[in-house]
Amino acid sequence: DKKGLNIRKGATQYLHLKIDTALLTNNPGYFYFDKNDLWLSNANGAHHIDHSGIITTYLDNISTSQVIKDSKNNMWFTTNNGIFMLPQKDKRLYIINKENGLNTDIVKSVVKDPKDNLWLGLDDGQINILNLASTKITRIQLSDKKRYNAIKQMVYDTAHQTMYFSSDYGLGRINNVNSKKNIAYLKETN
């Protein structure tokens with residue numbers, strides 16, 4: 001109804017999940033409900049509403065009429081532009097670029113640390129650290145942009161919790177990667 005998703009057992013009916021009225025008034029199509037997940041289709045796309053009420057919209061501004069889940073947990077959407085499939089969550093492709101917070105779209109190297117962070121070597125002496133769980137990005141700017149122009153190689157030393165990095169003209173390391181401030185530049189002896 002206008003308030004949200006109701007469940008009826010016999011003569012008893014109760015509100016199970018409150019839904020934004022804008023989703024319910026914009027030519028709603030079929031919905032799909034599975035335990036804690038609710039999927040709604042309407043003239044503005046397909047909308048996933050989790051148990052806490054957070055809404056994620058897919059197929060933005062594409063009129064969607066039906067949503068179903070297959071046996072492999074993929075979601076299927078029927079639209080005026082054909083049929084679309086959204087792979088199950090652990091098989092999806094995510095794009096992280098400058099628009100999402102990286103310093104640049106050009107990534108020269110990548111390495112994963114034991115805490116599920118991706119360390120990304122970029123141009124202009126920049127290193128970005130992407131936390132895979134939160135998608136939060138931490139930035140490190142190296143002091144010598146010319147010497148460390150493009151971070152082309154990174155290696156993580158688990159024994160010493162140290163990240164080594166290199167460019168065409170120099171080597172360096174970040175000691176105690178949890179602090180991300182203890183940067184040492186390796187100098188040539190002659």
Side-chain angles (χ1 to χ4, degrees), residues 34 36-37 39 44-62 69-77 81 84-190:
D34 181 16
N36 293 323
D37 290 328
W39 292 83
N44 282 342
H47 312 279
H48 174 253
I49 305 166
D50 70 9
H51 63 280
S52 62
I54 296 173
I55 301 169
T56 305
T57 300
Y58 299 91
L59 304 174
D60 199 23
N61 291 323
I62 296 176
K69 184 186 276 188
D70 67 17
S71 62
K72 295 180 181 176
N73 292 324
N74 301 311
M75 297 304 299
W76 292 86
F77 311 102
N81 297 336
F84 290 81
M85 190 266 288
L86 178 67
Q88 63 177 312
K89 194 165 190 167
D90 60 342
K91 304 239 184 211
R92 293 181 193 161
L93 172 68
Y94 295 94
I95 299 172
I96 307 291
N97 55 17
K98 189 174 182 178
E99 189 175 300
N100 305 106
L102 292 182
N103 285 30
T104 179
D105 289 335
I106 302 167
V107 179
K108 302 289 187 174
S109 59
V110 62
V111 67
K112 186 176 174 187
D113 71 18
K115 292 190 175 186
D116 273 349
N117 294 309
L118 288 182
W119 289 67
L120 310 171
L122 310 172
D123 283 334
D124 295 326
Q126 300 175 98
I127 297 173
N128 285 180
I129 305 162
L130 171 64
N131 181 293
L132 293 176
S134 67
T135 65
K136 181 184 171 203
I137 296 170
T138 305
R139 295 178 179 89
I140 297 174
Q141 178 65 60
L142 302 177
S143 60
D144 189 347
K145 291 182 184 181
K146 289 184 180 182
R147 184 173 206 157
Y148 299 96
N149 55 347
I151 307 301
K152 292 186 174 179
Q153 181 74 33
M154 301 179 80
V155 177
Y156 184 72
D157 177 0
T158 54
H160 300 99
Q161 294 186 353
T162 300
M163 183 65 68
Y164 290 90
F165 57 88
S166 69
S167 70
D168 288 335
Y169 308 108
L171 298 168
R173 70 175 176 250
I174 302 172
N175 298 313
N176 187 9
V177 294
N178 297 327
S179 74
K180 298 173 190 75
K181 294 178 182 163
N182 192 356
I183 300 172
Y185 300 100
L186 306 177
K187 300 187 190 292
E188 295 179 34
T189 55
N190 62 33

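Residue numbers run from 1 in the order of the sequence given.
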Assess whether side chain to side chain contact (heavy atoms under 4.5 Å, CB included) is satisfied between I183 and L142, documenting all intermediate values. CA-CA 8 Å; I183 300 172; L142 302 177; 3.9 Å; yes

Does any non-hydrogen side-chain atom of S109 lie less than 4.5 Å from one of Q153? no

Can you find a heavy atom in the side chain of D60 that is under 4.5 Å from one in the side chain of I62? no

Could you list the residues that satisfy side-chain contact (heavy atoms from CB on, under 4.5 Å) with D70, not counting sequence neighbours? K72, N74, W76

Mind checking whether V155 and F165 have side chains closer than 4.5 Å, heavy atoms only? no

Listed pairs under 3.5 Å, donor-acceptor, residues 126-134 side chains, sequence neighbours left out:
from : atom 1 : to   : atom 2 : distance (Å)
Q126 : OE1    : N103 : ND2    : 2.2
Q126 : NE2    : D123 : O      : 2.9
N128 : OD1    : N103 : N      : 2.9
N128 : ND2    : N103 : OD1    : 3.3
N131 : OD1    : A133 : N      : 2.9
N131 : OD1    : S134 : N      : 2.9
N131 : OD1    : S134 : OG     : 3.3
N131 : ND2    : N117 : OD1    : 3.4
S134 : OG     : K136 : N      : 3.2

Would you call T57 and H47 a side-chain contact if the rule is heavy atoms closer than 4.5 Å? yes

Just jot down the side-chain contact (heavy atoms from CB on, under 4.5 Å) partners of K91, sequence neighbours excluded, or say none. P87, Q88

Approximate separation, where rounding is to 0.5 Å, of N73 CG and D37 CG: 9.5 Å

State the CG-CG distance between N149 and L122, to the nearest 0.5 angstrom. 12.0 Å

Would you say the ring centroid of Y185 lies under 6.0 angstrom from that of Y148? yes

Check S167 against A150 and note the closest heavy-atom contact, atom names and distance. CB-O, 3.2 Å

With no hydrogens and no angle check, is any side-chain donor or acceptor of N100 less than 3.5 Å from a backbone partner on N97? yes

Hits for salt bridge (charged side-chain N to carboxylate O under 4.0 Å, His left out) against D90, two or more places apart or cross-chain, chain-then-number order -> none

Approximate separation, where rounding is to 0.5 Å, of K112 NZ and L120 CG: 13.0 Å

More than 12 foreign heavy atoms under 6.0 Å from NZ of K108: is that the case here? no

Is there side-chain contact between W119 and V177, with at least one heavy-atom pair below 4.5 Å? yes

Do R173 and N175 get their side chains close enough for a donor-acceptor pair, meaning under 3.5 Å? yes

Compare all side-chain heavy atoms of Y169 with those of D144 and state whether any distance is below 4.5 angstrom. no

Indicate, with yes or no, if the rings of W39 and Y58 have centres closer together than 6.0 Å. yes

K115: partners by salt bridge (charged side-chain N to carboxylate O under 4.0 Å, His left out), with sequence neighbours left out: none

Taking only residues at least two apart or on different chains, which pairs with a member in residues 151-166 satisfy salt bridge (Lys or Arg N to Asp or Glu O under 4.0 Å)? K152-D168

Side chains of T158 and P114: does their closest heavy-atom pair fall under 4.5 Å? yes

Would you say the side chains of T56 and H48 form a donor-acceptor pair under 3.5 Å? no

Separation between CG (D113) and OG1 (T162), nearest 0.5 Å, reads 12.0 Å

Less than 4.5 Å apart, side chain to side chain, heavy atoms only: is that true for I137 and L102? yes

